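What follows is a single structure, written as structure tokens, with notes after it.
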2 protein chains.
Amino acid sequence: MPRTGGQERRSTLVEEAIRRFGRDGYQGTSLEAVASAVGVRKQTLLYYFPTKEALLESCLAAAGERLAEVIGRGLEGKEATEDRAEAVIHAVFSLAAEWPEFPMFIREAGRLGPDAFERFAAVLEPLRLRAVDFLQTGMDNDLIRKQDPAFLLFTLYTAVVGSLTEASVLNALVGPQKGRASLHRREREVIAFVRGALRPPADPGG
Amino acid sequence: MPRTGGQERRSTLVEEAIRRFGRDGYQGTSLEAVASAVGVRKQTLLYYFPTKEALLESCLAAAGERLAEVIGRGLEGKEATEDRAEAVIHAVFSLAAEWPEFPMFIREAGRLGPDAFERFAAVLEPLRLRAVDFLQTGMDNDLIRKQDPAFLLFTLYTAVVGSLTEASVLNALVGPQKGRASLHRREREVIAFVRGALRPPADPGG
DNA sequence: CCCCTTGTCTACCGAGCGGTAGACAAGGCA
DNA sequence: TGCCTTGTCTACCGCTCGGTAGACAAGGGG
């Protein structure tokens, strides 16, 4: 009834849709499931989002904004080279801790084709540029092993997102995971792994 | 009409299903699509596989066997520590080159829950044990950076599979990819990345 | 020669989906 | 007061999907 009700409904619907799309996939999620989960009928959802695809696009945009904000906040005040990569990973893991379906949804976005992912990644473009620049500078200063910075960023992405989404693989490869402790454990392992991968080769003149 | 026709149909159906499940997802693939792609009606498929889930299970088992065979063959004759990790990556990339939907299907298997992935991973269990043992031995001999071998294997898995399946991300992060050359490029980058991540810390004592 | 297994087909069913049509309740505003 | 927008609902439509029932053709073996 209040006019703010509209926008609130919109965002709760989008958040719930991100959860469902992440957990069950886009095709595996029915509009009725999203709607009833927030206590509303399917036709009410269709009032806010005329089609399922429109709902998806809103989810992609919202996810991009949320991730950009979390990473941006995590980077504040971190100036040292090593701290910055770690801060990004920590920010993503923190988001995943309070919203486990979030990384799953991002992976689903990649699965839905380049157009969908583009919609999500658009708002992250400034961060991407900063990241590539950061890596390039680190290589120039011999703080990071020399390699293609764009490819390196891609591989880092797959390692981080993979460690947050491949629960079944984790289960098969290292054993059953449960609770928040294992997430922290994984974060430490990923950070250690990334640190090792970034480290420049042993420099006898160092 | 010949009695061998049955088994041949079975395997062509399974191969086509792996392609479709990988490309469009399990939920996004209809039985009719799989059947008609091999020139047969849906009911003929259901003659060989009574349910969609039965088809999936056959796909999981077949994929596991195929991957185990490819990796096993790739490891033949490779004894040096560095060569072995590289050989596995190369084997997987070669399989992906001739069958792009294969890694996508594996990722889909992980998405379908631990049970499904277990079915796929079961036949790979001996290889997993060899891999963990290999990593542990390398660490004991100071050839590999010391860390949890199971977690390391998991992170390596995510990096390799991610680089073969996250096409949309690759497109957004490093630019449009096309053709076989870019796949080789990616293989080289992943191998360099993994080599860097495995490398033990600089040891002043040589 | 006949039947029975193997493989493929047409026809159909029930359920669930995305989306449309339209009724209806409740403020906000003239 | 009366209307009109906003938000939610019930009812329904058409389509696709997974799965069933059963006809039918064609060898192979008694």
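A quick note: this is a predicted structure, and the numbers were derived from the prediction, not measured. In the text below, chain A, chain B and the rest are named by the order of the sequence lines, each starting its count at 1.
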Just how far, in rounded Å, is P of D/dC12 from CD of A/Glu32? 16 Å

Short side-chain N/O contact from A/Tyr47 to OP1 or OP2 of D/dT8, under 4.0 Å: no

Evaluate the side-chain proximity of B/Phe154 to A/Glu189: yes if any heavy-atom separation is below 4.5 Å, no if none is. no

Can you name the nearest heavy-atom pair linking B/Phe134 to B/Ala85, along with the distance? CZ-N, 4.3 Å

Just so I know, are the side chains of B/Leu67 and B/Leu95 near enough to count as touching, which here means a heavy-atom distance under 4.5 Å? yes

Under 4.5 Å between any side-chain heavy atoms of B/Leu173 and B/Glu166, yes or no? no

Ignoring backbone atoms, test whether B/Tyr48 places a side-chain nitrogen or oxygen under 4.0 Å from the OP1 or OP2 oxygen of C/dT8. yes

Under 4.0 Å from any atom of DNA chain C, heavy atoms only: list the residues of residues 33-46 of chain B that qualify, in numerical order. B/Val40, B/Arg41, B/Gln43, B/Thr44

Anything under 30° is parallel, anything over 60° is perpendicular, the rest tilted; go ahead and classify A/Phe105 against A/Phe21. parallel

In residues 24-31 of chain B, which ones come under 4.0 Å of DNA chain D, going by heavy atoms? B/Thr29, B/Ser30, B/Leu31

Give, for atom CD1 of A/Ile89 and atom OG of A/Ser94, the distance between the pair rounded to the nearest 0.5 Å. 11.5 Å

How many Å lie between CZ on A/Arg9 and C1' on D/dT8, as a whole number? 9 Å

Rounded interatomic separation in angstrom, taking CZ from A/Phe49 and P from D/dG7: 12 Å

Among A/Glu53, A/Arg111, A/Arg20, side chain to side chain contact (heavy atoms under 4.5 Å, CB included) partner for A/Tyr26: A/Glu53

With the side chain counted from C-beta on, respond yes when A/Leu60 and A/Phe117 share a heavy-atom pair under 4.5 Å apart, and no when they do not. no

